[in-house]
Amino acid sequence: MSRVLSAVAWPYANGPRHIGHVAGFGVPSDVFSRYMRMAGHDVLMVSGSDEHGTPILIAADEAGLTPQQLADQNHRVIAEDLAALGCSYDLYTRTTTRNHHAVVQEMFTGVYENGYFVEQTTYGAISPSTGRTLPDRYIEGTCPICKTPGARGDQCDACGNQLDPADLIDPVSKINGETPEFIETQHFFLDLPALAEALTAWLDERAETGLWRPNVIRFSQNILKEIRPRAMTRDIDWGIAVPLDGWRENPTKKLYVWFDAVIGYLSASIEWARRTGDADAWRAWWNDPEALSYYFMGKDNITFHSQIWPAELLAYSGKGDKGGTEHSLGTLNLPTEVVSSEFLTMEGRKFSSSKKIVIYVRDLLSRYQPDAFRYFVASAGPENQDSDFTWSEFVRRTNDELVAGWGNLVNRTANLIAKNFGEIPAAGQLQPEDEAVLAAAEAAFGTVGDLISRHRQKAAIGEAMRAVGEVNKYVSDLEPWKMKGEDQRERLGTVLHVVAQCVADLNLVLSPFLPFSANDVDKALGGTGEIAPMPQIVDADDLDGGDGYPIITGDYTTAPSWQRHPITVGLPVAKPTPVFRKLDTAVVEEELERLGG
RNA sequence: GGGGCGUUAGCUCAGUCGGUCAGAGCAGAGGACUCAUAAUCCUUGGGUCGUGGGUUCGAGCCCCACACGCCCUACCA
C-alpha cells in the first residue's frame, strides 16, 4: 500500500477536446487510478485545463471574447466531457486560479533564488500592433533557400529546411497579415545544463527499473545529449506574472506556459488539500520519497515531463550543480514513471479540426455509451504505437466483443437466475468443473491487476475478456437450461450460483475499464450499483477570492477491494434489460458522412 | 538535415532474455445448442514475419543498407 499520484496531462483550453486526446491520457489514467485504489493504494489523481498561451489569445480574438471568457467556456466543456467519460479525478481544476498563480510564482522564486535561471537576450518577432510575441509558426514568407512562397517561420514545407523567421523574405503575420517586427528582448532561461547531471542520474535510475515503456526512456535519455537552456518567459500579455521587481508590473512579460502548466500537478494537489481542510495533506504525495507518481500524456509531451518538469523540481529543491536550498514547498519528488501513449489517428489520418477529420468527446458521448468508447481505447488504443480509430472497428469492437462477449454473459446469467429462482441461489456441492471456472475467474484479479499496474492495458483487458470466454463456455457446457425437475434443482442452483460469482468477479475486474456498466451489472445481479464511484462536477469558489469555477471531484473511497467478494445468496434478481446497447452497422456510414474531406 | 518509432494471416494487433515463434481476436467456412441483444459453444489459420545483405549451429526477435508510414527536432502548446 502506498501513496500514488496520478498526474494527468492538462488539456489545452483553446477548444473542445477530441477523442484522440482522451484516448492518450484520459482513459488510461482513469483505468490505472481506479485499479490502484481498488488495490489498496492511496491515490491522488489531479489535472486541469491549461489556459494560458498564444493559441488561446488568438482563439479569443477570433471569437470576439476575452481570453478569460474563452477559457471559461472551454474549461467547462472539457470538464463536463471528462466527467461524462467517468474520469475519476480527485481534483480537475485550471491554471487561471489564484492558487495556481501563487504556486507557480513560488516555484519561480525558489528556482531563481537557487540560481537556476539565466537571463539572456534573444532576437524574436513581435506583433507591432499588440506587442505580443509572434511564435515562429505564426509567421510566413518566402523561403530564403528554395524561394518558395508561403514557408512557415520555423520550417519550409517545400524544401524541408529549418528556418529562422528573421531570414524569411517578406515575412507576414498569419494572424493579421501585418509585417512582424524583430526585436531584442530579455528572458529568463532555465539552466538545464546545470541540471543535466542530476537529470541523468534520475533517468538512469528510472531506466534500471525496466518499467518505463522502451521508447519513452530511450527518447528521454536521448534528448539529454543536446540539453541547453530553455526560455521560461515570453513577451505576451496573457499568463502568470514574473514575480520579480521590474518584471511583475510589466504587462507583456509572462511566464512561459511550460513553466506554468506542468506546475499544475503540484498546485492542483495543493488546491485539493486546501479543499479537504488539511492544507498540508498534499505533502504525503510530494515530499515523502516513498510516494509514487505516474504521469500520463501523449508522446508529444514527453520532453516536458521527462526533462523540463523534473528539471524544475530539481532546481526548486536545490539539487543541481549549483546547489541551493530547500524552500517552503520542501524537497519535491521526481516522477516515478512517465507513462506516455502514442497517437490515435482517425480513419487513417491525423485528427484535424479544420479539415473536420475529428470527433469531439461531447459528440461521441451524445450518441454512444462512454464504456463502449472506453472499451475501444483500452483494447485498441495507442498504447505502444499509433493506432487508428475507425467507425467500423468501433462498431465491431462494441458489437462483437463487448456486447456479444461480456454483455451476453451478464444477460444470460441474470435471465437464467431470474427465470429459475428470482434471487441468487445457494450453492450445493461443487463439482470439479465448478471449481475450475471459479478459479479462472478469481485468477483474473491477479493477472489483470498485474498488467494494469505495468501499464499494459490492452493485454489486461484482453486477459479479462479471455476469462469472460471461459465463463461463457462453462455455461454452454453445463447447459443449465436443461436442468429441469426437482431432482436437478440443487445442481441448477449451484451452477447458477457459480456463474453469478464469476460474473461478479469479472465485473470487478472490468470495472476500471467499464465503470458505468460495472454499476449496471452489479444492479442486474441484485447489488446496489455502487461498484465504481463516479466523478462530480461542482461549481466551486476560488479559494483566494477570485471568480468561482467548475471542478471535477469525487469520493472514490467506496470502491470495493481488488479481490473476490462472495455474492449474497437471496438477493433478488429480476429479468434484466441489456446493459450494453448493440450498434446498428448503419452508424458507420452516418459517422463517415459527418467527417469532412 | 538530426534523433526515435513502426511495417507479422483479409482486418486490428500479441510476440518479454535469439532456439515448439510463426500466434490471438474478428471476418470467412462447417457443425452444436437455444438461457441470452440471431447472442453462445465446438472445428477450421500454411502468412517469403516491409526489401536486400550480414552475424550465428540457429533470427520477426541482433547488426547494416533501402522503401513506405509516423513522432520529436519550433519562442505551438
Side-chain angles (χ1 to χ4, degrees), chain A residues 9-14 50 52-56 58 122-126 133-139 152-155 159-165 185 187 189 210 214-216 218-220 222-223 225-226 230-236 256-258 260-261 298-304 340 342-343 345 348 350 379-380 383-388 390 392-393 396-397 399-401 403-405 407-420 454 456 458-459 462 465-466 469 471-483 496 499 575-583:
Chain A
W10 288 50
Y12 195 60
N14 63 338
D50 175 10
H52 297 306
T54 308
I56 283 182
I58 293 169
T122 62
Y123 185 67
I126 62 163
T133 298
L134 205 49
D136 291 356
R137 67 164 179 168
Y138 290 113
I139 302 172
R152 289 185 310 168
D154 53 352
Q155 187 172 39
C159 64
N161 285 293
Q162 269 194 55
L163 306 176
D164 186 326
T185 175
H187 283 296
F189 283 64
N215 51 341
V216 179
R218 200 169 356 212
F219 180 81
S220 302
N222 199 272
I223 56 180
K225 292 178 196 157
E226 294 178 33
R230 290 186 72 135
M232 289 293 141
T233 51
R234 286 287 182 280
D235 293 291
I236 189 172
Y256 176 39
V257 209
W258 280 106
D260 163 352
K299 62 180 163 183
D300 54 332
N301 274 342
I302 294 174
T303 303
F304 301 99
S340 169
E342 305 292 308
F343 283 168
T345 54
K350 288 178 72 170
S379 59
E383 186 171 282
N384 284 311
Q385 58 180 282
D386 292 354
S387 75
D388 194 26
T390 64
S392 66
E393 184 68 1
R396 189 196 70 69
R397 291 262 179 196
N399 288 354
D400 298 342
E401 296 182 16
V403 178
N408 183 239
L409 175 62
V410 171
N411 210 40
R412 71 198 304 207
T413 301
N415 253 301
L416 283 165
I417 293 173
K419 198 172 287 185
N420 289 289
R454 290 189 287 130
R456 299 192 54 192
K458 291 169 93 154
M465 293 304 284
R466 199 186 55 68
V471 181
N472 258 326
K473 175 172 162 49
Y474 170 83
V475 177
S476 294
D477 287 350
L478 277 280
E479 302 181 311
W481 51 89
K482 286 186 178 170
M483 297 175 182
L496 294 184
V499 177
K575 183 169 169 55
T577 52
V579 170
F580 296 101
R581 203 169 67 232
K582 191 164 179 171
L583 299 176

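Owing to the predicted nature of the structure, the values given are computational and were not obtained by experimental measurement. So you know, we letter chains A, B, ... as the sequences are listed, proteins then strands, and number each from 1.
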Syn-anti status, with the boundary at 90° from 0, for the nucleotide B:rG60
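What B:rG60 shows is a syn base, its glycosidic angle lying within 90° of 0.
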OP1, OP2 of [N] versus side-chain N and O of [X]: anything below 4.0 Å?
{"X": "A:Lys419", "N": "B:rA36", "answer": "yes"}
{"X": "A:Arg218", "N": "B:rC5", "answer": "yes"}
{"X": "A:Lys582", "N": "B:rA39", "answer": "yes"}

Need to verify one output field. Residue with the more 5' nearest nucleotide on RNA chain B, A:Tyr256 or A:Lys299?
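Result: A:Lys299.
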Hey, which of these two, A:Thr413 or A:Phe219, hits RNA chain B nearer its 5' end, going by closest nucleotide?
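So the residue in question is A:Thr413.
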Would you indicate what [X] reaches in the nucleic acid, counting non-hydrogen atoms under 4.0 angstrom: base, sugar-phosphate, or nothing?
{"X": "A:Glu342", "result": "nothing"}
{"X": "A:Ala404", "result": "sugar-phosphate"}
{"X": "A:Phe304", "result": "base"}

Nearest to the [X] side chain among [options], which nucleotide is it?
{"X": "A:Val403", "options": "B:rC75, B:rU37, B:rC71", "answer": "B:rU37"}
{"X": "A:Asn222", "options": "B:rU37, B:rA36, B:rG3", "answer": "B:rG3"}
{"X": "A:Asp477", "options": "B:rC41, B:rU37, B:rC76", "answer": "B:rC41"}
{"X": "A:Tyr12", "options": "B:rC35, B:rA77, B:rG3", "answer": "B:rA77"}
{"X": "A:Lys473", "options": "B:rA27, B:rA77, B:rC42", "answer": "B:rC42"}

Interatomic distance at [atom1], [N] relative to [M], whole Å:
{"N": "B:rG60", "M": "B:rG6", "atom1": "C1'", "result": "13 Å"}
{"N": "B:rG69", "M": "B:rC33", "atom1": "C1'", "result": "46 Å"}
{"N": "B:rU34", "M": "B:rC42", "atom1": "C1'", "result": "15 Å"}
{"N": "B:rG3", "M": "B:rC64", "atom1": "P", "result": "12 Å"}
{"N": "B:rC72", "M": "B:rA27", "atom1": "P", "result": "36 Å"}
{"N": "B:rU8", "M": "B:rU48", "atom1": "P", "result": "12 Å"}
{"N": "B:rC61", "M": "B:rU7", "atom1": "P", "result": "11 Å"}
{"N": "B:rA39", "M": "B:rA14", "atom1": "C1'", "result": "27 Å"}

If we count only N and O atoms by modelled type, under 3.5 Å, do the side chains of A:Arg456 and A:Asn384 hold a donor and an acceptor together?
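Per modelled atom types, A:Arg456 and A:Asn384 side chains form no pair under 3.5 Å.
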Can a donor-acceptor pair be found between the side chains of A:Thr122 and A:His187 at a distance below 3.5 Å?
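Short answer, no.
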Scoring nucleotides 12-18 of chain B by protein non-hydrogen atoms under 4.0 Å (B base, S sugar-phosphate only, - none) yields SSSS---
Quiz item: A:Trp481 side-chain donor-acceptor pair to B:rA36 base, under 3.5 Å:
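No.
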Does A:Phe343 have A:Lys299 sitting over its ring (NZ/CZ under 6.0 Å from centre, angle to axis within 45°)?
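Satisfied, under 6.0 Å and within 45°.
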Taking CG from A:Asn472 and C1' from B:rA36, how many angstroms apart are they, rounded to a whole number?
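Result: 9 Å.
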